[in-house]
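Read the structure below first, then the notes.
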Amino acid sequence: MKFQNFHGAITAMVTPFHEDGSVNFDALERLLERQIQEGIDGVLILGTTGESATMTHEEDAAVVKRAIETVKGRIPVIVGSGSNSTATQKEMSLRYQDMGADALLLIAPYYNKANPEGMYRHFLASADAVNIPCILYNVPGRTGCSIPVSVVEQLSEHPNITGIKEASGDMGYAMKIAHCIGPDFALFSGNDDITIPILSIGGSGVISVFSNICPRISHEIIADWFAGNYQKSLDKHLKYLNLMNDLFIEVNPIPVKSAMNMMGLDAGPLRLPLYEMSEAHRIDLWTTLKDLRLV
């Protein structure tokens, strides 16, 4: 499966767990099949939504293996291989490439952060080592650092760095890197609520939390936009905007897993330090789902 000139909605998949905390591989298969049947354009494994920060390298590899085996090349499988350790990121990137990943997601180095040259070299080490597309991941709310515009500009010229997931929520930042967009470098919204604004400045799609719940709607929002049906795309986006926002009423993926379980989708429990959402927020989320006739 090639990941080139890609336009569409990519689901940042949850990782379903059993009540004992182990990975529920059967549920993972069911969730992936649902995504494909509902027309999603791609899936991301081991992203923030997948609780990869709480998983061992052995669990990571097992989840990636099962996902790739389940998808069978029907849609692209992107794998989060990022780390705040450059050596670890390179090692994981090569491992997932060898396992059959179609592309990699490389997060900014969290906690230790980096100066611009260090950050550039951090991403370069993985991009130079692999021969599949790499997508940068800018999410300063999680990492405590943003990828400098100058670094994005440099990296956008690398043949293996084919895009960025922009999840700062800062349209000013997105505008500053929009000139990097072209046939070899794509901009993806990392925040469901601003997908339409990102598309309006040349974005290629969204890497979505919301599409765990509504994969067909996520696909249609992007497909309508690229078909020139801008008002139709916007109307769908606005219809589901309250739900998109409610999925961040507490830290992701607490709300999306709660919503999926309410809908009978068997996302299972969270792993500590994440915990079940408050009762007040559960009521708010349930009400939004009910208003949209999703429960």
Side-chain angles (χ1 to χ4, degrees), residues 9-17 19 21 27 31 34-35 38 40 43-44 46-55 80 107 110 137-144 146 165-171 173-174 188-198 205-219 221-222 234-295:
I10 300 165
T11 298
M13 295 290 297
V14 302
T15 302
F17 298 123
E19 290 300 322
L31 293 176
R34 175 177 179 265
Q35 289 288 321
E38 290 288 310
I40 204 64
V43 290
L44 166 66
L46 304 184
T48 304
T49 311
E51 296 178 79
S52 56
T54 68
M55 293 164 60
I107 197 168
Y110 44 87
Y137 183 14
N138 187 54
V139 58
R142 291 277 187 173
T143 62
S146 184
K165 176 185 178 182
E166 210 308 277
S168 71
D170 180 355
M171 282 302 299
Y173 176 92
F188 296 97
S189 175
N191 298 77
D192 287 296
D193 61 335
I194 58 171
T195 296
I196 295 293
I198 290 291
V206 61
I207 300 178
S208 172
V209 175
F210 165 72
S211 58
N212 278 280
I213 295 173
C214 296
R216 186 170 299 280
I217 296 299
S218 292
H219 163 77
I221 289 170
I222 308 301
L234 177 59
D235 289 345
K236 287 179 182 176
H237 189 261
L238 293 177
K239 178 179 177 180
Y240 290 91
L241 183 60
N242 284 344
L243 177 56
M244 294 174 186
N245 288 330
D246 278 0
L247 294 180
F248 290 86
I249 198 169
E250 292 190 19
V251 67
N252 179 47
I254 294 173
V256 70
K257 272 196 157 182
S258 298
M260 292 173 74
N261 288 329
M262 290 175 189
M263 296 169 64
L265 293 175
D266 195 17
L270 300 143
R271 281 188 174 178
L272 289 171
L274 301 184
Y275 194 67
E276 298 301 321
M277 67 193 309
S278 71
E279 186 61 26
H281 286 161
R282 284 184 62 83
I283 292 169
D284 289 343
L285 181 56
W286 172 267
T287 300
T288 299
L289 292 170
K290 187 174 181 182
D291 288 345
L292 291 168
R293 299 184 178 180
L294 293 172
V295 291

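Residue C214 holds its SG atom at 14.0 Å from NE2 of H219, rounded to the nearest 0.5 Å. The CG atom of D192 sits 6.0 Å away from atom CZ of F248, with the distance rounded to the nearest 0.5 Å. Taken from CG in L241 to CG in N245, the straight-line distance is 4.5 Å, to the nearest 0.5 Å. To the nearest 0.5 Å, atom OH of residue Y137 and atom CG of residue L44 are 8.0 Å apart. Atoms CD1 and OG1, from I207 and T48 in turn, are 10.5 Å apart once rounded to the nearest 0.5 Å. Taken from CG in D235 to CD1 in I221, the straight-line distance is 10.5 Å, to the nearest 0.5 Å.
In terms of heavy-atom proximity, F188 sits nearest to I10 at CE2-CD1, 4.4 Å. When all heavy atoms of M13 and N212 are compared, the pair lying nearest together is CA-OD1, 3.7 Å. What you find for M263 and V295 is that their closest heavy atoms are CG-CG1, 3.8 Å. The nearest pair of heavy atoms linking F17 to P269 is O-CD, 3.0 Å. Listed here is the closest heavy atom pair of F210 and L247: CA-CD1, 3.6 Å. R271 and T54 make their closest contact through NH1-O, 3.1 Å (heavy atoms, listed as atom of the first residue, atom of the second, distance).
For the pair P255/V209, no side-chain contact is recorded, criterion being any heavy-atom separation below 4.5 Å from C-beta on. Proximity of L243 to D291: side-chain heavy atoms (C-beta onward) are nowhere separated by under 4.5 Å. A heavy-atom distance below 4.5 Å is not found between the side chains of E250 and L274. Using a 4.5 Å heavy-atom threshold, the side chains of R142 and Y110 count as separate. Between L285 and I249 the shortest side-chain heavy-atom distance does not fall below 4.5 Å. With contacts defined as side-chain heavy-atom distances shorter than 4.5 Å, the pair I254/H281 does not qualify.
Side-chain atoms of K257 come within 3.5 Å of backbone N or O of T15 as a donor-acceptor pair. A donor-acceptor pair is defined here as one N or O able to donate and one able to accept, closer than 3.5 Å; such a pair exists between the side chain of N261 and the backbone of A267. A donor-acceptor pair is defined here as one N or O able to donate and one able to accept, closer than 3.5 Å; such a pair exists between the side chain of R34 and the backbone of I213. N138 places no side-chain N or O within 3.5 Å of a backbone atom of S168 that could act as its donor or acceptor partner. Within the 3.5 Å criterion, the main-chain N or O of I194 finds no donor-acceptor partner in the side chain of N191. With E51 contributing its side chain and L270 its backbone, the two residues share no donor-acceptor pair below 3.5 Å. Side chain of Q35 to main chain of S211: a donor-acceptor pair is present (N/O by atom type, distance under 3.5 Å, no hydrogens or angles). A donor-acceptor pair is defined here as one N or O able to donate and one able to accept, closer than 3.5 Å; no such pair exists between the side chain of R282 and the backbone of M277. Side-chain N or O atoms of D266 include none that pairs as donor or acceptor with a backbone N or O of A27 at under 3.5 Å. Under a 3.5 Å cut-off, the side chain of E38 and the backbone N or O of I40 do not form any donor-acceptor pair.
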Q.
Let's go through N242 and L292 carefully: what are the C-alpha distance in whole Å and the side-chain angles of both, what is the deciding distance for side-chain contact (heavy atoms from CB on, under 4.5 Å) to 0.1 Å, and is it a yes or a no?
A. CA-CA 10 Å; N242 284 344; L292 291 168; over 6 Å; no

Q. What do the steps show when you test K239 against I217 for side-chain contact (heavy atoms from CB on, under 4.5 Å), and what is the final call?
A. CA-CA 10 Å; K239 178 179 177 180; I217 296 299; over 6 Å; no

Q) Going through the checks in order, is the side-chain contact (heavy atoms from CB on, under 4.5 Å) test met by M55 and L46? A) CA-CA 9 Å; M55 293 164 60; L46 304 184; 4.0 Å; yes

